[in-house]
Amino acid sequence: MSQLVVEKVVKHYRQGDRDVAALNGVSLDVAAGAFMAIMGASGSGKSTLLHLMAGLTKCDEGIVKVNGENLGAMNDRQLTLFRRRSIGLVFQSFNLIPTLTAEENVALPLMLDGVSVQETKAKVDELLETLGLQKRRTHRPDAMSGGEQQRVAIGRALVTNPAVLLADEPTGNLDSVNSRSVCELLRDLSAMRNMTIVMVTHEPTVAAFAHEVAVLKDGMLVERFATQETGDHQGLAMRYQECLR
Ligand SMILES: Nc1ncnc2c1ncn2[C@@H]1O[C@H](COP(=O)(O)OP(=O)(O)OP(=O)(O)O)[C@@H](O)[C@H]1O
Ligand SMILES: [Mg+2]
């Protein structure tokens, strides 16, 4: 079953008196349990596509469906609820609350949703263990490594049990060791929880953790392939470079 369906999506932005076509008729479906990397040069429309899937922005033309639900048909209230309950979002810049500890940051979406203290504690405990963060639970963001902070952000994204995890360059601010630990976590979440994951990245070494790669160029989908076909990250890098030519 396709959990995410994007059909002939067009999105333009105005920049002063200039019209920018960020997405120019993109169609893409993501199966339940798939782990997809979206690659493409800067400005190719990757973040725009991810934001449309998250219901953060609306498309000018076309359809975006998550779990069979058409986001374009929802009003603002429905979209807000949908985002809170069905989508986990992770950004390059962690976006943690600096005054809250790791466990408080993870718990935040449940507290905002009025979930009981007991239920929240049980969920947060389980997640911190999955994320390997038990020893950091009372640490504030400035007392954690970049990789740990990103794992907290992933925990916060997952605490509501969303159907889909969307990540925009989640390793973009990390060194190679921390980047690897975050990639391994995403791969494990995909394998063990059957999470549907869509991750934007420039890095072939990061994309190689996914099952599939979709490549955007100038707001269009130019290629889609299974990472199995390309072997290691060097094979993937070559295939990616070919797409951009
Ligand atoms: N809010 C906005 N207002 C105006 N133009 C925008 C806006 N967001 C994106 N754009 C434009 O749309 C195009 C696609 O942007 P997008 O952010 O999706 O690219 P990207 O592939 O994520 O790039 P990067 O790798 O640099 O993050 C770019 O030309 C960008 O300048
Ligand atoms: Mg971007």
Side-chain angles (χ1 to χ4, degrees), residues 4-30 35-66 71-72 76 79-80 83 87-96 146 149-150 153-154 157 164-176 178-179 182-183 186 196-210 212-225 227 233 236-245:
L4 265 165
V5 178
V6 172
E7 255 174 54
K8 298 183 185 154
V9 159
V10 174
K11 176 77 182 175
H12 288 246
Y13 288 111
R14 284 215 74 77
Q15 291 180 1
D17 53 7
R18 219 161 58 95
D19 178 74
V20 178
L23 294 174
N24 225 332
V26 171
S27 297
L28 181 69
D29 60 285
V30 183
F35 181 6
M36 176 175 282
I38 297 182
M39 301 186 80
S42 183
S44 59
K46 305 180 298 295
S47 295
T48 303
L49 180 59
L50 207 76
H51 292 174
L52 285 170
M53 289 173 167
L56 287 171
T57 46
K58 286 196 173 182
C59 48
D60 302 331
E61 289 172 39
I63 295 172
V64 179
K65 280 187 193 167
V66 180
L71 304 196
D76 285 349
L79 262 181
T80 303
R83 274 203 302 272
I87 296 284
L89 262 177
V90 176
F91 298 98
Q92 180 172 348
S93 53
F94 323 139
N95 294 354
L96 298 175
Q149 289 181 62
Q150 192 59 300
I154 292 170
V164 178
L165 182 69
L166 301 174
D168 197 352
E169 305 204 39
T171 63
N173 281 351
L174 301 178
D175 61 31
S176 62
N178 279 307
S179 170
V182 165
C183 290
L186 293 175
T196 306
I197 303 176
V198 180
M199 165 183 77
V200 167
T201 183
H202 291 280
E203 301 285 337
T205 49
V206 171
F209 281 86
E212 275 187 282
V213 176
V215 182
L216 289 181
K217 187 179 178 184
D218 301 331
M220 284 184 278
L221 184 78
V222 290
E223 179 80 281
R224 177 176 177 167
F225 57 87
T227 49
H233 66 88
L236 195 156
M238 278 166 61
R239 180 82 178 257
Y240 174 51
Q241 287 309 323
E242 278 167 26
C243 297
L244 297 187
R245 248 182 239 138

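When a ligand or atom number is given, it counts from 1 through the structure's own listing order. Residues: numbered from 1 along the sequence shown.
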(message) To the closest 0.5 Å, what do you measure between NZ (Lys65) and CG (Asp29)?
(response) 11.5 Å
[atom] - nearest protein heavy atom and its distance:
atom                    : result
atom 25 (O) of ligand 1 : Lys46 NZ, 2.7 Å
atom 10 (N) of ligand 1 : Tyr13 CD1, 3.3 Å
atom 16 (P) of ligand 1 : Thr48 OG1, 3.6 Å
atom 14 (C) of ligand 1 : Gly43 O, 3.5 Å
atom 30 (C) of ligand 1 : Gln15 NE2, 3.9 Å
atom 17 (O) of ligand 1 : Ser47 CB, 3.7 Å

Any side-chain heavy atom of [X] within less than 4.5 Å of one from [Y]?
X      : Y      : answer
Val9   : Val64  : yes
Leu79  : Arg83  : yes
Met199 : Met36  : no
Leu236 : Met39  : yes
Val222 : Leu216 : no

(message) Strictly distance-based, threshold 3.5 Å: is any side-chain N or O of Glu203 a donor or acceptor partner for the main-chain N or O of Glu169?
(response) no
(message) If the condition is salt bridge (charged side-chain N to carboxylate O under 4.0 Å, His left out), which residues does Glu212 pass it with, not counting sequence neighbours?
(response) Arg224
(request) For Arg239, check salt bridge (charged side-chain N to carboxylate O under 4.0 Å, His left out) against everything at least two apart and list the hits. (result) Glu223, Glu229
In ligand 1, which numbered atoms sit nearer than 4.0 Å to a non-hydrogen atom of [X]?
X      : value
Ala22  : 12 (O), 13 (C), 14 (C)
His202 : 25 (O)
Glu169 : 25 (O), 27 (O)
Ala41  : 21 (O)

(request) May I ask you to check whether over 12 heavy atoms, not counting those of Asp218, lie within 6.0 Å of atom CG? (result) no
(message) Tell me whether Lys8 at atom NZ has more than 12 heavy atoms from other residues, nucleotides or ligands lying less than 6.0 Å away.
(response) no
Below 3.5 Å, N or O to N or O, backbone or side chain included: is there any such pair between [X] and ligand 1?
X     : result
Ser42 : yes
Gly40 : no
Val20 : no

(request) Look at ligand 1 and say whether His51 reaches it with a heavy atom at a distance under 4.0 Å. (result)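 It does not; every heavy atom stays at 4.0 Å or beyond.
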(request) Using 2.8 Å as the cut-off, count the protein N, O or S atoms closer than that to the Mg ion (ligand 2). (result)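 Counting protein N, O and S atoms closer than 2.8 Å to the Mg ion (ligand 2) gives 1.
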(request) Sequence neighbours left out, what passes side chain to side chain donor-acceptor pair (under 3.5 Å) with Asn173? Give chain and number order. (result) Gln92
(request) Tell me yes or no: between the side chains of Asp19 and His12, is some donor less than 3.5 Å from an acceptor? (result) yes
